[in-house]
Student: 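Below is the structure I would like to discuss, written out as structure tokens.
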There are 2 protein chains.
Amino acid sequence: MHTHTDSTACDDLAGAARILSAAQHLFAEKGFAAVSMHEIAQHAGVSKSNVFHHFRSKDELYLAVLGAACTSHREQLVPLLSGDEPFGVRLQRIMHADLEFMFAEPERAQLVLREITGTKPDDAVQPAPALLRDNAAALVAQMRIAQQNGEIRAEIDPAAVALLFLAANKFYFLTRNLIRHFPDVDFADDHGRYVEKIADLILHGVLPQEGVPK
Amino acid sequence: MHTHTDSTACDDLAGAARILSAAQHLFAEKGFAAVSMHEIAQHAGVSKSNVFHHFRSKDELYLAVLGAACTSHREQLVPLLSGDEPFGVRLQRIMHADLEFMFAEPERAQLVLREITGTKPDDAVQPAPALLRDNAAALVAQMRIAQQNGEIRAEIDPAAVALLFLAANKFYFLTRNLIRHFPDVDFADDHGRYVEKIADLILHGVLPQEGVPK
DNA sequence: GAACGGACCGACCGGTCGGTCAGCGAGGCA
DNA sequence: TGCCTCGCTGACCGACCGGTCGGTCCGTTC
């Protein structure tokens with residue numbers, strides 16, 4: 001039922017869907033304020049007043065787009081958190097899938113991340129902050145289970161691990177167009193390679209481990 | 001010479017400086033498109049046309065503000081990278097100082113980070129992407145030295161460590177207003193505590209280390 | 001056929017946008 | 001004193017903004 005809606009073919013969709021698609025694309029690219037309703041209408045191939053026929057205001061249109069992005073993200077993540085494999089394997093699996101989702105729907109990811117990295121006051125009613133909070137809480141729960149099982153160190157803070165996990169993934173996505181050109185970076189277009197490296201770091205750290213076979 | 005310019009007292013400054021200060025505050029808070037020149041003028045206590053007397057265009061004003069932010073950031077970081085202490089100590093020192101800088105000049109930090117997390121095409125001429133690139137390169141160089149000294153594992157990718165370091169710091173800053181309210185997070189307003197926890201994770205990883213005394 | 005509702009449109013609205021222009025006053029200098 | 005420069009201003013400009021209004025067209029139902 002859920003197909004990718006990252007602004008592929010606008011022509012075959014009904015009016016409201018074309019408007020949503022165009023809005024998603026433009027809001028993701030430029031943010032809310034820099035996109036006019038006229039521009040959205042043009043991209044959707046309808047008149048501006050037709051946009052207002054379907055959506056009462058620019059705010060309502062934006063929230064519809066953002067809400068869909070958050071819902072999609074939430075639906076993708078929830079199944080990832082089940083599983084009984086060893087912690088390290090699970091860490092890599094979740095991390096890889098999260099990246100795959102973001103790169104499969106980059107516009108939606110960009111919309112969500114712009115909301116949580118901005119400077120608006122926290123409002124948990126808004127979908128994106130709530131999504132980040134729930135993501136973090138779910139990861140913390142995973143860390144706690146792993147701690148109880150003795151899989152990871154008991155003295156570390158699960159919230160710090162969760163945040164490091166989220167930071168590693170989200171920052172990589174957010175800076176993808178820049179790090180691609182960094183002379184030392186060979187993982188910008190290979191999420192699998194990036195995941196392996198980062199998971200290794202998170203699991204084992206950077207210090208040499210004398211006497212512990214790998 | 002360089003004092004904090006995070007929009008404290010506008011009244012004692014000359015016109016152009018007041019305009020820059022107001023612009024920094026508003027651009028940091030809302031981004032480029034959502035701030036009008038009228039609003040900047042009001043905040044600066046001058047007329048809009050006086051803003052255009054000092055700055056040829058909105059773009060020029062924005063670049064002046066952003067350029068100052070990047071310069072400030074660059075000047076703060078460079079002295080951090082010298083030092084001969086053990087790698088773990090240096091990691092914590094750099095990390096802590098970077099956070100201190102960002103929280104001391106949050107508007108400038110927000111401006112820079114918004115530029116590198118947005119969707120503009122990479123343009124190294126722009127100051128913020130160049131700053132990220134140089135930060136990453138400097139950290140990579142540090143990692144390489146530590147590897148040559150045997151302080152950190154030889155087989156890990158220095159660029160991945162550098163990115164993890166940057167991700168941990170920048171994402172923490174960018175989400176500061178949200179994570180403060182997370183039930184499991186006790187480090188949102190204590191950068192020292194956050195640094196200790198994250199540095200421990202980056203240094204030692206999450207896996208239990210049997211047989212290695214800590 | 002008539003009535004209705006939904007999708008859609010061009011024209012229009014009041015207001016805002018970035019930017020320009022003519023002018024004023026203050027200060028410095030010859 | 002007169003001239004120049006600088007900082008500053010209100011009025012103004014065309015373009016654009018989000019949104020409204022009156023109307024048309026089409027499909028459906030009775």
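Just so we're on the same page: letters track the sequence lines, and every chain starts at 1. Below, each value reflects all heavy atoms present in this structure, side chains not excepted, and no hydrogens, waters or symmetry copies.
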Student: Apply the test ring pair (Phe, Tyr, Trp, His ring centres under 6.0 Å) to residues B/Phe171 and A/Phe171: give CA-CA distance (whole Å), side-chain angles for both, the deciding distance (0.1 Å), then the verdict.
Tutor: CA-CA 7 Å; B/Phe171 194 74; A/Phe171 194 74; 8.2 Å; no
Student: Give one of base, sugar-phosphate or nothing for A/Ser47, where a contact means two heavy atoms less than 4.0 Å apart.
Tutor: base
Student: Check every nucleotide of DNA chain D for an atom under 4.0 Å from a heavy-atom of chain B, then give the first and the last such nucleotide from 5' to 3'.
Tutor: D/dG7 to D/dG10
Student: Mind checking B/Ser49 for me? I need base, sugar-phosphate or nothing, with any heavy atom below 4.0 Å counting as a touch.
Tutor: base
Student: Under the ring-ring contact (aromatic ring centres under 6.0 Å, His included) test, which residues partner A/Tyr194, sequence neighbours left out?
Tutor: A/Tyr172, A/Phe187
Student: With a 4.5 Å cut-off on side-chain heavy atoms, are A/Val112 and A/Glu107 touching?
Tutor: no
Student: Search all heavy atoms of B/Arg18 against all heavy atoms of B/Gly45 and return the closest pair with its distance.
Tutor: NH2-O, 3.7 Å
Student: Hey, is the side chain of A/His53 poking within less than 4.0 Å of OP1 or OP2 on C/dC8, counting only N and O atoms?
Tutor: no
Student: Checking all strands, does B/Val51 fall into the base, sugar-phosphate, or nothing category for heavy-atom contacts under 4.0 angstrom?
Tutor: nothing
Student: With nearest nucleotide decided by heavy atoms, which residue, B/Lys48 or B/Gly45, maps closer to the 5′ end of DNA chain D?
Tutor: B/Gly45
Student: So A/Ile198 and A/Asn169, do their side chains get closer than 4.5 Å, heavy atoms only?
Tutor: no
Student: From CD1 of B/Ile40 over to P of C/dG19, roughly how many Å is that when rounded to an integer?
Tutor: 11 Å
Student: What's the verdict on side chain to side chain contact (heavy atoms under 4.5 Å, CB included) for B/Phe173 and B/Arg176, showing C-alpha distance, side-chain angles and the deciding distance?
Tutor: CA-CA 5 Å; B/Phe173 176 80; B/Arg176 62 197 183 282; 3.4 Å; yes
Student: What integer distance in Å separates B/Asn50:CG from C/dC24:P?
Tutor: 18 Å
